[in-house]
Protein chains: 2
Amino acid sequence: MGRPGLNRTDVIAAAADLADELGFDAVTVSVLARRLGVRSPTLYSHISSGTDLRTAVTAYVLDELADATTQATAAGEGRDLLVAYANAIRDFARRSPGRYDATTRQRVPPVPAGESRPDSVDEAITAGRRNADLALAVVRSYGVTEADETYAVRLMSSLIHGYITLELAGSFAHSEPASEVTWPDVLDDLDRTLGRMALGRGH
Amino acid sequence: MGRPGLNRTDVIAAAADLADELGFDAVTVSVLARRLGVRSPTLYSHISSGTDLRTAVTAYVLDELADATTQATAAGEGRDLLVAYANAIRDFARRSPGRYDATTRQRVPPVPAGESRPDSVDEAITAGRRNADLALAVVRSYGVTEADETYAVRLMSSLIHGYITLELAGSFAHSEPASEVTWPDVLDDLDRTLGRMALGRGH
DNA sequence: CTAGGTTTCCTACAACTCGTAGGCAACTCG
DNA sequence: CGAGTTGCCTACGAGTTGTAGGAAACCTAG
């Protein structure tokens with residue numbers, strides 16, 4: 001079956017590690033090739049372009065994130081589930097800031113006229129949906145009514161994502177108390193709001 | 001006083017417009033030079049590097065944002081102030097997505113050993129503080145106790161920033177109701193939470 | 001109105017990155 | 001062992017970043 005060596009998954013995984021070490025912007029063909037001890041043209045047998053590489057990293061990392069949150073939220077419901085879910089995402093982001101960046105820094109590119117979307121884009125969309133479904137499961141566990149589900153997911157996702165983003169950007173580093181200390185309070189308020197919505201008092 | 005032409009502010013302002021039209025990643029020396037009808041080396045009389053250019057855009061835009069929110073929140077307090085403040089930020093982000101990106105996509109770079117920070121970094125930090133002070137004014141208007149001020153700012157900023165970021169990324173585009181519809185609900189919940197904190201029931 | 005000084009802008013160039021083309025070598029399977 | 005497949009390479013063109021040094025345009029002083 002031919003000479004063994006790198007395969008596409010190896011390349012994408014190495015790119016994800018590179019993002020964590022040097023930032024998502026450092027994920028380029030040339031830097032990755034050096035890191036893998038290979039000449040850059042070699043990588044083009046595994047990826048179709050630098051953009052494709054970064055999109056593939058996004059898809060790969062979204063799957064990792066979904067795996068991590070799925071595992072963390074296997075048991076529990078209501079508040080326990082919320083806390084496990086949110087902590088899983090935040091732990092992931094702190095442990096792997098470059099990977100977390102990858103989940104947000106990619107927009108859905110405008111489809112080139114006449115051409116079809118590259119596979120990596122579809123994979124990223126699919127992996128994104130996995131994560132969205134997990135968020136939905138959390139709010140459903142609160143008993144939020146179907147009419148409010150979407151809103152609840154948006155509120156929860158916005159707050160968690162916003163806090164993590166600002167925390168990683170260092171926005172919370174110059175005031176007391178430590179970011180670590182206020183995080184449980186965020187979860188408290190979120191729990192209270194979701195609980196209130198579940199009681200059907202409208203949002 | 002020498003030949004008139006571009007000055008640094010012209011260059012930065014054009015770069016901000018470029019960010020809105022083609023995305024923050026398109027803010028590079030060569031693209032900007034073409035857009036200004038000038039050869040790329042010319043720009044190096046106004047900026048010291050491509051990185052410096054992007055940092056300067058961040059500082060410039062953070063000041064614009066602070067100007068916009070300051071104006072929008074001149075009168076009012078409590079809920080009215082919150083709504084005016086949050087809408088000013090969101091309107092800014094929707095009108096100028098590339099500019100808004102610039103406010104978040106820049107990290108504080110590690111200071112190169114022995115070297116001093118470029119001016120643009122200090123300017124960005126100062127402009128960032130202006131925005132932080134505005135947020136503080138909003139939560140103070142609710143009568144949040146001093147011990148809770150920092151937490152309240154973080155909660156509010158996280159939610160507003162998170163919602164706007166996900167909205168701009170298109171995360172809310174594939175479910176009903178429209179993003180426009182759930183935004184006032186976000187402000188309602190935020191108002192309720194801030195009001196609760198002001199009553200001193202702890203957070 | 002001319003001379004100086006200042007500032008803008010240019011061409012030329014080195015180093016690097018992206019991506020393509022085409023070829024050699026190593027491995028697997030019959 | 002032979003054939004096919006696969007991974008990696010060198011060579012190259014185009015484009016970007018940033019530096020060096022010089023020419024042209026403008027303002028102000030005498």
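All chains are named by letter (A, B, ...) in the order of the sequence lines, taking the proteins before the strands, and each is independently numbered beginning at 1. Remember, predicted model here, so these are calculated numbers, not experimental data.
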Nucleotide paired to C/dC10 in any strand shown, Watson-Crick or G-U, under 3.5 Å: D/dG21
Gap between atoms CG and P, on B/Asp25 and C/dT17 respectively (whole Å): 18 Å
Pair B/Arg90 + B/Glu180: basic N to acidic O under 4.0 Å: yes
Nucleotide nearest B/Pro41 when distance is taken to its side chain, options C/dT17, C/dT11, D/dT17: C/dT11
Interatomic distance where CG belongs to B/Asp52 and C1' belongs to D/dT19 [whole Å]: 16 Å
Check ion pair B/Arg130-B/Asp67 (N to O, under 4.0 angstrom): yes
Separation of C/dG19 C1' from A/Leu32 CG (nearest whole Å): 15 Å
For atom CG of B/Asn7 and atom C1' of D/dA25, their distance in whole Å: 17 Å
Euclidean distance, atom CG of residue A/Asp10 to atom C1' of D/dC8 [Å, nearest integer]: 15 Å
Check: A/Val144 and A/Arg140 side chains under 4.5 Å, non-hydrogen atoms: no
For atom CZ of B/Arg34 and atom C1' of D/dA14, their distance in whole Å: 12 Å
D/dC8 phosphate, OP1 or OP2, under 4.0 Å from A/His46 side-chain N/O: yes
Gap between atoms CG and P, on A/Leu43 and D/dT6 respectively (whole Å): 18 Å
Under-4.0 Å side-chain N/O to phosphate OP1/OP2 contact, B/Arg39 with C/dA12: no
A/Thr42 vs D/dC8: side-chain N/O to OP1/OP2 distance below 4.0 Å: no
Residue-phosphate contact under 4.0 Å: B/Ser30 side-chain N/O, D/dT17 OP1/OP2: yes
Polar side-chain atom of B/Tyr85 near backbone of B/Asp80 as donor-acceptor pair, under 3.5 Å: no
Side chain of A/Tyr44 (C-beta onward), nearest among C/dC18, C/dA21, D/dT19: C/dC18
B/Arg99 side chain reached by B/Asp17 side chain, heavy atoms, under 4.5 Å: yes
Phosphate OP1/OP2 of D/dT17 contacted by B/Thr28 side-chain N/O (<4.0 Å): yes
Whole-Å gap separating P (C/dT17) and CG (A/Leu53): 15 Å
Touch class at under 4.0 angstrom, heavy-atom based, for A/Val31 against every strand present: nothing
Proximal nucleotide (of D/dA11, C/dC9, D/dG18) relative to the B/Val29 side chain: D/dG18
